[in-house]
2 protein chains.
Amino acid sequence: MKEKDKRAESASCSCNVIHQEVVDQARAAMPKEEILYDLAEVFKVFGDSTRIKLLWALLGQEMCVCDLAVLLQMTPSAVSHQLRILKQARLVKCRKEGKVVHYSLDDAHVQGIIDQGLLHILEV
Amino acid sequence: MKEKDKRAESASCSCNVIHQEVVDQARAAMPKEEILYDLAEVFKVFGDSTRIKLLWALLGQEMCVCDLAVLLQMTPSAVSHQLRILKQARLVKCRKEGKVVHYSLDDAHVQGIIDQGLLHILEV
DNA sequence: CATTCATATGAACACTTGTTCATATGTTGA
DNA sequence: TCAACATATGAACAAGTGTTCATATGAATG
């Protein structure tokens with residue numbers, strides 16, 4: 001189901017053992033639905049190895065679509081599609097220079113997000 | 001395409017404007033494929049608002065399946081399915097106590113990953 | 001103006017994913 | 001042992017996703 005269409009539809013739990021205080025505390029700590037959906041959207045963008053590669057490449061320098069296509073051994077079309085998703089997520093920005101379009105990171109937190117992911121997978 | 005099946009299949013780029021040094025540098029900085037796939041897998045798990053909610057709830061305390069079902073207004077079955085995914089990703093662990101199974105976070109970096117995501121979406 | 005070329009876009013396809021429903025497991029207490 | 005109950009699991013379905021192909025855009029060059 002698409003994130004933005006996910007709203008709490010009625011679906012009651014038939015369990016009897018409910019620790020009400022625990023549920024209440026968790027509910028109190030839960031942020032607005034919108035925040036949760038937006039968070040999921042961001043991580044969804046990171047949840048594809050092609051896009052991770054694109055972001056990783058752009059961590060060091062700006063690159064044009066063609067360079068990225070050569071680097072990842074993909075068609076420029078496929079790269080362009082993914083760059084669009086990254087751009088819509090405000091993770092990359094572009095700069096036109098004649099026919100060539102140079103892409104670069106648009107968010108200082110990209111490194112931070114990847115680093116945190118790395119910490120998890122590299123954990124013993 | 002499933003991450004583990006994604007390998008660099010031949011797909012040459014027809015562009016002529018290739019900045020070789022830029023491509024070379026990006027290639028040198030690129031980590032092993034395995035790392036990139038694992039990274040994407042982790043973020044994929046975070047890329048669903050139901051799982052974000054589950055993780056957020058467990059940030060503060062351990063909770064049983066039924067409590068989580070009540071909190072999120074979902075069936076225990078649906079919650080259990082998602083908890084399995086979180087467990088396989090080594091993000092949560094469980095502790096049995098009679099019929100009740102208590103879930104809690106299994107990774108200190110969950111908070112860090114969510115925080116980094118928040119930094120991005122809350123950015124002006 | 002026509003051509004070339006870098007990039008973008010739309011439709012279509014195979015594949016993946018989250019939820020639901022039905023059912024199974026395993027524990028407790030009668 | 002049986003019933004009740006918390007949780008888990010498998011199959012199935014609708015919906016979403018990444019890639020490909022064909023084609024469009026738009027800038028430079030002759």
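Note on naming: letters A, B, ... go to the chains in the order of the sequence lines (proteins, then strands), and numbering restarts at 1 for each one. No experiment lies behind these values; they were computed from the predicted model shown.
Following chains of ILVMFWY side-chain contacts shorter than 4.5 Å, one cannot reach Phe46(A) starting from Leu119(B), and the two form parts of different hydrophobic clusters.
Taking atom CZ of residue Phe46(A) and atom C1' of nucleotide dT17(D), one finds them 18 Å apart after rounding to whole Å. Here the P atom of nucleotide dA6(C) and the CG atom of Leu83(A) are 16 Å apart, to the nearest Å. The interatomic distance linking His102(A) (NE2) with dT7(C) (C1') rounds to 12 Å, in whole Å. In this structure, Tyr103(B) places its OH atom 9 Å from P of dT7(D), rounding to the nearest Å. The CD1-P distance, from Ile85(B) to dT16(C), rounds to 14 Å in whole Å. Put simply, CD1 on Ile18(B) is 12 Å from C1' on dA6(C), counting in whole angstrom units. Regarding Arg51(B), its CZ atom lies at a distance of 9 Å from the P atom of dT17(C), rounded to whole Å. One can place NZ of Lys44(A) at 12 Å from P of dT17(C), the figure rounded to the nearest angstrom.
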Next item on the list: Go through the steps to decide whether Leu86(A) and Asp106(A) satisfy the test side-chain contact (heavy atoms from CB on, under 4.5 Å), and finish with yes or no.
Entry: CA-CA 10 Å; Leu86(A) 291 172; Asp106(A) 190 26; over 6 Å; no
Check: Would Tyr37(A) and Glu41(A) satisfy side-chain hydrogen bond (donor to acceptor under 3.5 Å, both in side chains), going step by step from the backbone distance to the final call?
Finding: CA-CA 6 Å; Tyr37(A) 296 132; Glu41(A) 290 298 329; over 6 Å; no
N/O contacts under 3.5 Å, protein versus nucleotides 10-14 of chain C?
| unit_1 | atom_1 | unit_2 | atom_2 | d |
| --- | --- | --- | --- | --- |
| dG10(C) | O6 | His81(A) | NE2 | 2.7 |

Margin query: Generate the contact string for nucleotides 24-30 of chain C. Rules: B means base contact, S means sugar-phosphate contact only, - means no protein heavy atom under 4.0 Å.
Written below: --BBS--
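For residues 55-65 of chain B, the salt bridge (Lys or Arg N to Asp or Glu O under 4.0 Å) pairs, not counting sequence neighbours, are Glu62(B)-Arg95(B).
Panel note: side chain Trp56(A), backbone Ile114(A); no donor-acceptor pair is recorded below 3.5 Å. At distances below 3.5 Å, at least one donor-acceptor pair connects side-chain atoms of Asp67(A) with backbone N or O atoms of His19(B). Side-chain atoms of Gln61(A) come within 3.5 Å of backbone N or O of Val22(B) as a donor-acceptor pair.
Remark: Thr50(B) is in phosphate contact with dT19(C), judged by side-chain N or O atoms under 4.0 Å from OP1 or OP2. Residue Gln82(A) places at least one side-chain N or O closer than 4.0 Å to OP1 or OP2 of dT19(D).
Candidate nucleotides dT7(C), dT9(D), dT19(D) were compared by shortest atom distance to the side chain of Ser80(B), and dT9(D) ranks first. Distance from the side chain of Val101(B) is smallest to dT7(D) among dT20(D), dT7(C), dT7(D).
Proximity of Ile113(A) to Phe43(B): side-chain heavy atoms (C-beta onward) are separated by under 4.5 Å at one or more points. Residues Lys87(A) and Lys93(A) form no side-chain contact, since every pair of their non-hydrogen atoms from C-beta on lies 4.5 Å or further apart.
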